[in-house]
Amino acid sequence: MSDHGPDTGGDDFSHLAAEYVLGVQDAAARARSTERLRNDTAFQVEVAAWEERLAPFLDEVAETPAPARVWDGVARTILSGAKVTPFPSRTRLWDQVGVWRGATAALLAVAACLAFIVVLPARRPSPAVSSQEASIAAAATLASPSGKVLYVATIDRTGQRLTIVPVQVASRDARTPELWIVPAGGAPKPVGLLRNDRPVLLSLASLSLGSAAPTFAVSLEPAGGSPTGKPTGPVVASGVLKSA
Amino acid sequence: MDLDQQREALGDALLRVGAGDSAALKEVYERTSAKLFGVCLRILGEPSEAEDVLQEVYVSVWRNAGAFNAERASPITWLAAIARNRAIDRVRARRPDRFAPAEAAIALADGAPSALARLEASEGSAQLFGCLGELERAHQSAVRSAFLDGLTYETLARQSGVPLGTMKSWIRRSLLKLKACMER
């Protein structure tokens with residue numbers, strides 16, 4: 001082999017995995033590997049094998065205590081964001097497309113009814129009804145800028161549990177959809193990560209929605225969600241929460 | 001607590017993190033943050049950046065611990081991979097003329113292996129270092145430096161004073177030999 005020969009690693013699956021684990025790729029090649037890692041199970045297995053092979057190198061890294069502010073930052077971030085609680089994931093029911101579509105249709109119907117109720121003056125809560133009661137059982141349809149409904153969000157009567165159902169997938173983008181709540185006049189707050197293949201149940205317990213109708217927005221983020229606590233990727237869908 | 005027990009305790013804590021137990025995250029942090037901070041510092045060079053990345057790492061662990069599978073990955077390898085990947089991504093996002101100062105990185109590497117490091121100091125360790133010993137010295141140090149310092153082919157080539165193509169072929173041959181040797 002010539003020392004000046006071209007990089008012959010292009011087709012070599014295992015070598016590509018090793019290069020990724022070793023970390024020698026430039027930004028563009030690394031981005032391609034990261035992308036592949038999301039969707040290619042065989043590649044994931046090969047990467048994991050290389051991680052294990054090369055892990056003993058970590059013995060050479062000296063332990064260095066991190067300043068206490070690092071943990072404080074972690075604690076602040078995880079406590080401010082709602083914990084994602086997916087629907088029971090092993091349930092076969094959710095794997096059945098028909099049932100899943102039925103659930104979506106039902107929720108869409110609920111959302112449509114709620115939207116309808118809102119425009120009926122007779123059904124509006126009277127001023128005597130407390131604002132807390134008025135803010136419960138609400139729904140939002142989250143649409144793309146071109147008007148396609150991508151998600152339906154509903155909030156139960158406790159005001160604490162938010163269900164988000166994916167209606168259609170906007171693009172093949174492999175990034176993770178993350179839900180944000182944008183209080184009127186406020187900065188977006190992370191609510192949780194969404195799935196495009198099944199509904200997720202999120203808790204709103206730690207978020208104060210305020211009295212004005214908040215907006216929900218979905219942005220595309222790296223795996224694991226936005227690293228900064230603010231949306232870093234494009235906003236693909238948004239919608240205003242409507243109370244019933 | 002012997003090494004197997006430590007590994008098991010860490011794996012258990014990760015599983016509890018996956019179930020949403022924030023006290024378990026604190027436990028994982030206490031057991032592993034000094035190691036992972038060392039990993040981030042070595043790649044990034046700058047303590048403030050390493051702190052940022054370390055924070056992201058544990059937030060990511062909180063969100064993704066459900067994906068940890070104790071049967072498929074060792075807990076510390078899984079955690080270290082998250083830290084290395086985040087740190088390397090951060091370095092790659094920098095302007096291309098900046099890279100971690102190798103001298104500072106080497107100075108950080110001189111600690112004796114800690115209890116946690118020895119979690120993995122097992123069969124795999126003897127195997128890797130045994131097989132590494134069969135490579136030429138320059139190739140050994142290129143592989144080690146790539147992994148620990150998160151350097152690109154380009155930076156490795158510049159530091160070793162060899163053309164880029166030479167460095168790529170050194171690494172390629174080294175990895176092939178390592179894999180073959182470790183599968184023996």
Side-chain angles (χ1 to χ4, degrees), chain A residues 1-9 12 14-15 18-27 30-31 34 45 47-67 69-71 73-75 77-79 81 83-86 192-193 222-225 227-229, chain B residues 20 22 25 29 33-35 37-39 41-42 51 54-56 58-60 62-64 72-74 77 80-81 84 88-89 92-93 108-111 113-114 116-118 120-121 124-125 128-129 143-144 146-148 150-154 156 163 165-166 168-169 171-172 175 178-179 182:
Chain A
M1 192 193 294
S2 159
D3 273 354
H4 302 276
D7 173 21
T8 50
D12 186 332
S14 176
H15 185 60
E19 281 184 312
Y20 172 77
V21 172
L22 208 52
V24 286
Q25 293 167 317
D26 61 24
R30 190 168 167 81
T34 308
V45 169
V47 164
W50 275 107
E51 297 281 10
E52 289 294 342
R53 276 184 203 118
L54 299 177
F57 275 133
L58 296 166
D59 294 359
E60 296 182 27
V61 178
E63 293 197 5
T64 312
R69 60 181 167 267
V70 176
W71 170 255
V74 173
T77 309
I78 69 170
L79 293 177
K83 176 70 180 155
V84 179
T85 314
L193 302 183
T228 64
Chain B
S22 57
L25 183 69
Y29 181 88
S33 60
K35 188 69 183 184
F37 191 47
V39 167
L41 262 178
R42 176 133 184 190
E51 284 178 32
L54 190 66
Q55 183 175 322
E56 288 173 20
Y58 285 95
V59 170
S60 166
W62 173 249
R63 289 176 173 164
N64 296 310
R72 273 197 293 196
S74 115
T77 303
R84 284 187 66 251
I88 291 170
D89 287 343
R92 294 291 173 275
L108 284 169
D110 292 337
S114 63
L116 185 75
R118 289 196 308 271
E120 294 309 309
S125 176
L128 175 65
F129 294 115
V143 171
R144 172 186 281 117
F147 185 84
L148 291 171
L151 303 181
T152 57
Y153 282 128
E154 224 168 8
L156 285 168
T166 304
K168 285 189 176 180
S169 87
I171 296 277
R172 183 175 177 81
L175 291 168
L178 277 181
K179 187 179 178 189
M182 293 182 77

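A note on names: the letters A, B, ... follow the listed sequences, proteins ahead of strands, and every chain is numbered from 1.
Interface remark: Glu56(B) contributes side-chain atoms only to the contact with chain A (heavy atom separation under 4.5 Å). Interface remark: Leu156(B) contributes side-chain atoms only to the contact with chain A (heavy atom separation under 4.5 Å). Residue contact with chain B, scored on non-hydrogen atoms closer than 4.5 Å, involves the backbone and the side chain of Pro67(A) alike. The parts of Glu51(A) that come within reach of chain B are both its backbone and its side chain, each placing non-hydrogen atoms under 4.5 angstrom from that chain. In this structure, chain B has a heavy atom under 4.5 Å from the backbone of Ala223(A), while its side chain stays farther away. In this structure, chain B has no heavy atom under 4.5 Å from any part of Ala48(A).
Using a 4.0 Å cut-off between charged side-chain N and carboxylate O, Arg30(A) and Asp89(B) make a salt bridge. Salt bridge Arg172(B)/Glu19(A): absent, no basic N to carboxylate O contact under 4.0 Å.
Minimum heavy-atom separation, Leu58(A) to Ala80(B): CD1-CB, 3.4 Å. When all heavy atoms of Gly38(B) and Val61(A) are compared, the pair lying nearest together is C-CG1, 3.3 Å. Nearest heavy atoms, Asn64(B) versus Gly224(A): ND2-CA, 3.4 Å.
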Give the C-alpha distance, both sets of side-chain angles, the deciding distance and a yes or no for side-chain contact (heavy atoms from CB on, under 4.5 Å) between Gln25(A) and Thr152(B).
-> CA-CA 6 Å; Gln25(A) 293 167 317; Thr152(B) 57; over 6 Å; no

What's the verdict on side-chain contact (heavy atoms from CB on, under 4.5 Å) for Phe57(A) and Val143(B), showing C-alpha distance, side-chain angles and the deciding distance?
-> CA-CA 10 Å; Phe57(A) 275 133; Val143(B) 171; 3.9 Å; yes

Criterion side-chain contact (heavy atoms from CB on, under 4.5 Å) on Val24(A) and Phe147(B), from CA distance to verdict | CA-CA 8 Å; Val24(A) 286; Phe147(B) 185 84; over 6 Å; no

Working for side-chain contact (heavy atoms from CB on, under 4.5 Å), residues Ser125(B) and Asp59(A) = CA-CA 9 Å; Ser125(B) 176; Asp59(A) 294 359; 3.6 Å; yes

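Not one N or O on the side chain of Arg53(A) forms a donor-acceptor pair closer than 3.5 Å with the backbone of Leu178(B). Without hydrogens or angle criteria, Arg92(B) side chain to Ala31(A) main chain gives no donor-acceptor distance under 3.5 Å. Using modelled atom types, one side-chain atom of Arg84(B) and one backbone atom of Leu22(A) make a donor-acceptor pair closer than 3.5 Å.
From Ser22(B), atom OG reaches atom CD1 of Ile78(A) across 5.0 Å, with rounding to the nearest 0.5 Å. Remark: Arg42(B) CZ to Glu60(A) CD distance equals 6.5 Å, nearest 0.5 Å.
Using a 4.5 Å cut-off on side-chain heavy atoms (C-beta onward), Pro227(A) and Val59(B) make no contact. By the 4.5 Å heavy-atom criterion applied to side chains, Trp50(A) and Leu175(B) are counted as neighbours. Side chains of Phe129(B) and Pro56(A) form a contact here, defined as non-hydrogen atoms less than 4.5 Å apart.
Ring geometry for Trp71(A) against Tyr29(B) counts as tilted: the plane angle lies between 30° and 60°, on a 0 to 90° scale.
Note: Leu54(A) leads Thr228(A), Val45(A), Val47(A), Leu54(A) in heavy-atom pairs under 4.5 Å with chain B.
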